[in-house]
Number of protein chains: 2
Amino acid sequence: MSIQGIFPIEKWDFKSESILADLPGEDLKLLMARKLEQAYKKGEIIFKEEAYPSGIFYIARGKAKKYKLDKDGREQIIYVANTGELLGYHAILSGDNYPDSAAVMEDSIIVFIPKEDFLETLRQSDVLNRRLLKTLSHEFVVLTNSLTLFAQRSVRERLALQLIVVREKYKVDFEPGMPVEINMSRDDLASLVGTARENVVRMLSEFKSEGIVETRGRRIIVLDVKKLIKVANFS
Amino acid sequence: MSIQGIFPIEKWDFKSESILADLPGEDLKLLMARKLEQAYKKGEIIFKEEAYPSGIFYIARGKAKKYKLDKDGREQIIYVANTGELLGYHAILSGDNYPDSAAVMEDSIIVFIPKEDFLETLRQSDVLNRRLLKTLSHEFVVLTNSLTLFAQRSVRERLALQLIVVREKYKVDFEPGMPVEINMSRDDLASLVGTARENVVRMLSEFKSEGIVETRGRRIIVLDVKKLIKVANFS
DNA sequence: GGAAAAAAGTGAGGAAAATCAATTTTTAAA
DNA sequence: TTTAAAAATTGATTTTCCTCACTTTTTTCC
């Protein structure tokens, strides 16, 4: 059985198109009327779980993680968002407080859009409406896959799959054809996979001796995606 | 820390209001124009993972599980839907095939609404549009909680929490004040918790000896919700 | 009501992963 | 460049949970 059979590649959000891409100029203008562009340093927090949502955030450049803390304060990363993605709109739409926290994983440019402007644009724009419905339902499908991943797969399989997914997110930072370096801390990788850092380290060194990956300091280079797909599938 | 702090009760979908409740009569008429009402026997499948979605399903009466099969054919239950809930609309909205399967857990009445009618109503009805956006984003929040539940909590904690959640779903079948019997197979409970049946059985008998639950054949009666909340939280 | 089938329950043993306790390497900052 | 701090790595130990093999109970259906 191919990996597509179980986890269709397109459901893993390799290239999630921006919600705002080719939005009618008029709508975009309204949405961006009072935007606030800000530089964030690596590690800075964008918003915190349970906080009242005051707006949405557009990643103009950089990467951010969405995560929840457990009762011992350990992070569980739910999603890694890339340049062009929107953060914090679920809470605005559902009327809940933020269900999770978000922090940038590298120096980033984040655009803040006030809640009122977002909701007003939504009232006026059929396109944004449809786009959001489609994005949300797709995200739902992706999250469903993540859930079964956690419930049914071993740590080794999960790590293999996340390496494939995460590599795609770092791809955009490198010239086509150049080796892609995953520049993510072992801690973040562990919390994305849902395991302890030590396990990630151990399995990475297994992958190294199997010729699947190579490391340069903290950075990880995937040498053989096909083998990773195999590991993610069976084993 | 209270359970609300970590998993706010209202985010566990105890009483998910029907999407179709108080929809304008006109919209409802259009939506239901070509509906097909059908009786399903316990265990019957409503739709299958990866199938092309031909419409949406409204649970007029009964309960259904949404689930995915792993490569060894074992079920992972993602969600238990109750009377009044809508199934299969994520796929219609996102343009994907069904990401999961659905089957009724007891004899049920299911109303089928053709894809075209649903989409046409959506085009015409602002109310339905807003309702769906809100429901979807809320469901997203709920699913996010489920994800961290799997990633961060032990089997014992997960079982305790699911007993609380599931009990609420069976509540509607009993007179107020009467003891609520959870009439779910150990297998289904195990696959909802994400563990083996044996573990569920063992922990249930622990809960029994701790005076937390009582069983009558397959049926489970929760005697002490507060203790369950404690188990779900710490332990 | 009784037989067959299905589901629930029990126990032992083993594998996977978490935890604890270090050491070494890398990165960042003065 | 040096040094301190942070991050990565390794090994040993413990815990949790899964699996297998089996018995008992409950449910279903003639």
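A, B, ... follow the sequence lines: proteins, then strands. Residue 1 opens every chain. Remember, predicted model here, so these are calculated numbers, not experimental data.
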| task | Check whether the side chains of A:E106 and A:Y40 place a donor and an acceptor atom closer than 3.5 Å, and report yes or no. | result |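 No donor-acceptor contact under 3.5 Å links the two side chains.
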| message | Assess, by modelled atom type and distance only, whether the side chains of A:S185 and A:D187 contain a donor and an acceptor separated by less than 3.5 Å. | response | no
Measuring from the side chain of [X] (C-beta onward, heavy atoms only), which nucleotide among [options] has the closest atom?
{"X": "B:S185", "options": "C:dA18, C:dG9, C:dA8", "value": "C:dA8"}
{"X": "A:S154", "options": "D:dT9, C:dA17, D:dT19", "value": "C:dA17"}
{"X": "B:S205", "options": "C:dT27, C:dA18, C:dT10", "value": "C:dT10"}
{"X": "A:N199", "options": "C:dA18, C:dG9, D:dT27", "value": "C:dA18"}
{"X": "B:M203", "options": "D:dA8, C:dG11, D:dC17", "value": "D:dC17"}
{"X": "A:V155", "options": "C:dA17, D:dT19, C:dG9", "value": "C:dA17"}

What is the separation between atom [atom1] on [X] and atom [atom2] on [N], rounded to the nearest whole Å?
{"X": "B:D187", "N": "C:dA8", "atom1": "CG", "atom2": "C1'", "answer": "9 Å"}
{"X": "B:R158", "N": "D:dT16", "atom1": "CZ", "atom2": "P", "answer": "14 Å"}
{"X": "A:L204", "N": "C:dA17", "atom1": "CG", "atom2": "P", "answer": "15 Å"}
{"X": "B:L189", "N": "C:dG9", "atom1": "CG", "atom2": "P", "answer": "11 Å"}
{"X": "B:K208", "N": "D:dT25", "atom1": "NZ", "atom2": "C1'", "answer": "11 Å"}
{"X": "B:E157", "N": "D:dT16", "atom1": "CD", "atom2": "P", "answer": "11 Å"}
{"X": "A:R156", "N": "C:dA18", "atom1": "CZ", "atom2": "C1'", "answer": "18 Å"}
{"X": "B:N183", "N": "C:dA6", "atom1": "CG", "atom2": "P", "answer": "18 Å"}

| query | Relative to each other, are the rings of A:F140 and B:H90 parallel, tilted or perpendicular (30° and 60° limits)? | reply |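 Rings of A:F140 and B:H90: parallel, as their planes differ by under 30°.
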| request: Determine the interplanar angle of the A:F57 and A:F112 rings, folded into 0 to 90°, and report it as parallel if under 30°, tilted if 30 to 60°, perpendicular if over 60°. | output: tilted
| query | Is a donor-acceptor contact shorter than 3.5 angstrom present between the side chain of A:E198 and the base of C:dC20? | reply | yes
| said: Suppose we call a contact any N or O donor and acceptor under 3.5 Å apart; does that hold for the side chain of A:R202 and the base of C:dT19? | reply: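 Pair found.
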| message | Using a 4.0 Å heavy-atom cut-off, does B:R197 contact any base of the nucleic acid, only the sugar-phosphate backbone, or nothing at all? | response |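 Touches a base.
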| task | Test A:I113 against A:M32 for side chain to side chain contact (heavy atoms under 4.5 Å, CB included), laying out the working first. | result | CA-CA 7 Å; A:I113 297 162; A:M32 292 299 187; 3.9 Å; yes
| Whichever of B:R74 and B:K42 has its nearest DNA chain D nucleotide further upstream toward 5' |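 Checking each residue's closest nucleotide, the 5'-ward one belongs to B:R74.
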| query | Hey, which of these two, A:G194 or A:G217, hits DNA chain C nearer its 5' end, going by closest nucleotide? | reply | A:G194
